[in-house]
Amino acid sequence: MAFEDNQQLTRIFEEIADFLELQGENIFKVKAYQKAARGLEGLERSVSELYRSGALASMPGFGKALVEKVGQFVDRGEVELHQQLKSSFPPEILHLMDVPGLGAKKAALLYKELGIGSVDALEKALREGLVTDIKGFGTKTVDKLLEGIGLLRQGEQRWLLGRVSVLAEELLARLRALPVVQRAEAAGSLRRGKETVGDLDLLVISSAPEQVMEFFAGLGEVIGSGPTKTSIRWEGTFQIDLRCVPAESFGAALQYFTGSMDHNVALRGRARRMSCELNEYGLFDALGQCIASETEEEIYAKLGLPWIAPELRESGAELEWERQPERLELGKLQGNLHTHSLWSDGTDTLEQLAEEAQRRGYRYLAVTDHSRSMVVANGLTVERLLAQGEEIARLNRNFKNFRLLWGSEVDILGDGTLDFPEEILARLDFVVVAVHSQFSMSPEAMTERICRGISHPHVDVLAHPSGRKINRRAGYQADWERVYAVAREHGVALEINCSPRRLDLNDKAARRARDCGCLISLGTDAHSLPEFDYLPLGVLQARRAGIEASSLLNSLSWEQLRKRRPHLADV
DNA sequence: GCCGTTTTCGGCCCGACTGTTTTCAGTCG
């Protein structure tokens, strides 16, 4: 299943952390619950299962007390402490801390002094001037909180990786164009390739920081500005931080601001155990001498570690790996395995697709237009599919060192049968199958449907396996362990759909699928030529999953791909 | 609440910026 138990318990632990912080509990206790929540969030196994098998206790961050609380949840569906805390506060009080600029301390004070227990009550109190008697609430704070409430109400979500990548490139180009800027780079979750980005972190080396700050402040609404750091709100909602750092500590700053927080905590812990200190200015020995700071590589090296790729810097566990995975490089990919042309709902001709693919150095491109049931997407009938095959064969005669693969994105129908008959699928170069309808089946029925779908002969790839759209809809529910097992058995690769709106499989699921022995396929699902740019986003997710070229269908040459389909006549 | 190749107790990342409390606490990342 999509592990609803994990999601529920994550929420419970997050709320416990918030309540404890509100109560003024030891901040490290609070952090322990937050860390446990993060650990559960993307877990590709059911926490109930892990608990029952006893494997949970060996997970980092789960000590005796937390394992016991997981036990309460598994047995009774709730955690005692959580219920206790909930009953001693107004139901909406935790939302107070969602207001930018309002943390636990001030929220607790507002509750204690004025009984404020919801965002609405806070807004009313602010407007009526009731809070000004409380220590620490001056006029600027009142304005800032009202603004924060406004932002919260807009409900702006984290931006998609694809959108932030484009924005970052534009801003970096403008910064680099300034004569006083020697270097400008993006850090933060963008550099780590996270599927969504909460705010953008930019770093520059400059001979005149004040000029850079001034320039940057002119790009948006200024939230805060100092001699080395300026924060703005882009398009009124999205926060961008710019920091000027000295050239000699650029590596330390890049490392520090790339995060993740858990990775940094682990790295600092390691430094500390070596009697060193690590901060954004460098790595310092016991005497306070800087021993590394200019590059990330030397910092990791001095800590006895290989350089760890940004995409892998998440939980901190990556510090302990015996070997780092070989980094997947875009240039090593032989082709793109999921695209659409004018024949269905794409915007370009086969010639245009082929030309673009060759321009990008691909050796092949799978054209996978929709099958006949996808009427809204101008899905191909059998007749049109066969005509398209002839057209592709004609074009292929003129290519050197390149091939268009005659493919299809075939619907897995509700009962698990496929949208084209077997004898037609047998003739195609490449078959992608996918679910496009009846998303709200029971998990059991959906599992059965997908497993039947990928058990047909001639299937190469299961496209966008979970069906999720980021920030829009959750994926459908299914027993993914079973799906991966069946995929492996039939040699069907699971797609990392590279569209920024999908990125499906996501990083964690892709890692799990690979661990289950499945091959992975990267496909842009491009419906127009600019969407070929999505491929690097998929590469990033694959890297985050630790997937190496050997697990990737796109690493195969056309000849090797063809060997997977021995029924194809030599051409 | 977690954790341990100096520790089973005493740490746990820490600096920038803000607002306001004239020396610092709160928030954030």
Side-chain angles (χ1 to χ4, degrees), chain A residues 13 16-17 20-22 24-39 56-70 79 81 96-110 131-145 147-148 187-190 192 197-203 209 213 222-232 239-245 249 252-253 255-284 286 304 316 320:
Chain A
F13 280 174
I16 290 177
L20 292 177
E21 200 179 3
L22 206 55
E25 256 290 0
N26 180 339
I27 192 66
F28 295 105
K29 191 171 179 174
V30 172
K31 283 173 189 285
Y33 280 98
Q34 287 170 344
K35 188 178 175 192
R38 283 198 301 275
L56 189 67
S58 56
M59 264 180 63
F62 285 84
K64 206 175 148 202
L66 278 170
V67 170
E68 199 238 311
K69 287 182 175 65
V70 174
V79 175
L81 174 63
L96 280 181
M97 290 189 283
D98 293 334
V99 177
L102 189 62
K105 293 278 169 60
K106 283 190 168 148
L109 201 57
L110 288 166
V131 302
T132 43
D133 293 339
I134 307 176
K135 203 174 154 191
F137 286 81
T139 54
K140 284 197 176 175
T141 302
V142 169
D143 290 348
K144 210 173 161 180
L145 290 179
E147 197 193 334
S189 47
L190 171 68
R192 300 203 308 281
V197 178
D199 56 23
L200 175 57
D201 294 294
L202 302 176
L203 296 181
M213 292 297 147
V222 176
I223 304 170
S225 184
T228 63
K229 178 189 169 185
T230 294
S231 301
I232 64 168
Q239 184 169 336
I240 310 176
D241 296 338
L242 176 77
R243 290 178 173 82
C244 257
V245 302
S249 58
Q255 193 289 312
Y256 181 88
F257 291 111
T258 295
S260 70
M261 189 177 70
D262 288 339
H263 178 87
N264 285 359
V265 167
L267 204 61
R268 286 178 175 227
R270 188 182 178 94
R272 193 164 274 278
R273 285 192 296 279
M274 297 168 77
S275 300
C276 291
E277 276 228 27
L278 180 64
N279 60 29
E280 62 260 53
Y281 296 106
L283 179 65
F284 300 87
E320 311 301 328

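Every chain is numbered from 1 and lettered A, B, ... according to where its sequence line falls, protein lines coming before strand lines. These numbers come from the heavy atoms of this one structure, side chains and all, not from hydrogens, waters or symmetry mates. If you're wondering where the values come from, they're calculated on a predicted model, not measured in any experiment.
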Self-check item: Nucleotide nearest A/L66 (side chain, heavy atoms from C-beta), chosen from B/dA16, B/dC2, B/dG19
Solution: B/dC2
Quiz item: Which one, B/dT6, B/dC17, B/dG1, comes nearest to the side chain of A/P227?
Solution: B/dC17
Quiz item: Does the side chain of A/R38 come within less than 4.5 Å of A/M261's, by heavy atoms?
Solution: yes
Quiz item: For the side chain of A/D241, counting heavy atoms from C-beta on, which of B/dG1, B/dG15, B/dG29 is nearest?
Solution: B/dG29
Quiz item: If you look at every strand shown and take non-hydrogen atoms under 4.0 Å, does A/D199 touch a base, only sugar-phosphate, or nothing?
Solution: sugar-phosphate
Practice problem: Determine, stepwise, if the pair A/Y33 / A/L81 fulfils side chain to side chain contact (heavy atoms under 4.5 Å, CB included). | Solution: CA-CA 12 Å; A/Y33 280 98; A/L81 174 63; 3.5 Å; yes
Self-check item: Contact nearer the 5' end of DNA chain B, comparing A/R273 with A/G101
Solution: A/R273
Quiz prompt | Distance below 4.0 Å between A/Y256 side-chain N/O and B/dA16 OP1 or OP2 | solution = no
Quiz prompt | Backbone of A/Y256 reached by a side-chain donor or acceptor of A/N264 within 3.5 Å | solution = yes
Quiz item: Of the candidate nucleotides B/dG15, B/dC2, B/dC12, which contains the atom at the shortest distance from the side chain of A/Y281?
Solution: B/dG15
Quiz item: Would you say A/S260's side chain and A/H263's backbone share a donor-acceptor pair under 3.5 angstrom?
Solution: yes
Quiz item: What nucleic acid atoms does A/G61 come within less than 4.0 Å of, heavy atoms only: base, sugar-phosphate, or nothing?
Solution: sugar-phosphate
Quiz prompt | Shortest side-chain distance from A/R268, nucleotide among B/dT27, B/dC13, B/dG1 | solution = B/dC13
Practice problem: Nearest-nucleotide wise, let me know which of A/V99 and A/G63 is further upstream toward the 5' end of DNA chain B. | Solution: A/G63
Practice problem: Consider the side chain of A/K106, meaning its heavy atoms from C-beta on, and name the nucleotide among B/dC17, B/dT27, B/dG1 that approaches it most closely. | Solution: B/dT27
Quiz item: Expressed in angstrom and rounded to an integer, what is the separation of A/I223 atom CD1 from B/dT27 atom P?
Solution: 17 Å
Practice problem: In whole angstrom, give me the gap between the P atoms of B/dT23 and B/dG11. | Solution: 28 Å
Quiz item: Taking atom C1' in both B/dC28 and B/dC13, what distance in whole Å separates the two?
Solution: 14 Å
Quiz prompt | Spacing between A/E147 atom CD and B/dT18 atom C1', to the nearest angstrom | solution = 14 Å
Practice problem: Both distances under 3.5 Å, Watson-Crick or G-U wobble: report the partner of B/dG29, or none. | Solution: B/dC14
Practice problem: For nucleotides B/dG26 and B/dT20, find the distance between their P atoms and express it as a whole number of Å. | Solution: 14 Å
Quiz item: So what does A/K35 touch, heavy atoms closer than 4.0 Å: a base, only the sugar-phosphate, or nothing?
Solution: nothing
Quiz item: Choosing from B/dT6, B/dG1, B/dA16, which nucleotide comes nearest the side chain of A/T228?
Solution: B/dA16
Self-check item: Rounded distance in Å between the C1' positions of B/dT7 and B/dC14
Solution: 23 Å
Practice problem: Compare side-chain N and O positions of A/R243 against OP1 and OP2 of B/dA16 and report whether any pair is under 4.0 Å apart. | Solution: no
Quiz prompt | Distance, C1' atom - from B/dG10 to B/dG15, rounded to whole angstrom | solution = 23 Å
Quiz item: Contact class for A/A36 (heavy atom, under 4.0 Å): base, sugar-phosphate, or nothing?
Solution: nothing
Quiz item: Do A/L110 and A/L102 come within less than 4.5 Å of each other through their side chains, counting heavy atoms only?
Solution: yes
Quiz item: Taking the side chain as C-beta and beyond, is there a heavy-atom pair between A/Q255 and A/L267 under 4.5 Å?
Solution: yes
Quiz item: When you measure from the side chain of A/K135, which nucleotide among B/dT21, B/dC2, B/dG11 comes out closest?
Solution: B/dT21
Quiz item: Between B/dT21 and B/dC17, how far is it from one P atom to the other, in whole Å?
Solution: 22 Å
Self-check item: Side-chain N,O (A/T141) to OP1/OP2 (B/dT20) below 4.0 Å
Solution: yes
Self-check item: B/dC3 to B/dT8 separation - C1' atoms, rounded to the nearest Å
Solution: 9 Å
Quiz item: Heavy atoms under 4.0 Å, any strand shown: does A/S225 hit a base, just sugar-phosphate, or nothing?
Solution: sugar-phosphate
Self-check item: Non-hydrogen side-chain atoms of A/I223 and A/Q239 separated by less than 4.5 Å
Solution: yes
Quiz prompt | Under 3.5 Å donor-acceptor pair, A/D201 side-chain atoms to B/dG29 base atoms | solution = no
Quiz item: OP1 or OP2 of B/dC28 less than 4.0 angstrom from a side-chain nitrogen or oxygen of A/K229, does that happen here?
Solution: no
Quiz prompt | Selection from B/dG26, B/dT21, B/dG19 that lies nearest to any side-chain heavy atom of A/K105 | solution = B/dG26
Exercise. Would you classify A/T139 as touching base, sugar-phosphate or nothing, given that sugar-phosphate means primed atoms plus P, OP1 and OP2, and contacts are heavy atoms under 4.0 Å?
Key: sugar-phosphate
Quiz item: So, A/E277 versus A/N279: side-chain donor-acceptor pair below 3.5 Å or not?
Solution: no
Practice problem: Would you indicate which nucleotide in B/dC13, B/dG1, B/dG19 comes nearest to any side-chain atom of A/K144? | Solution: B/dG19
Quiz item: When you check the phosphate oxygens OP1 and OP2 of B/dA16, does a side-chain N or O of A/T230 lie under 4.0 Å from one of them?
Solution: no
Self-check item: Integer-rounded Å distance: B/dG1 P and A/D262 CG
Solution: 19 Å
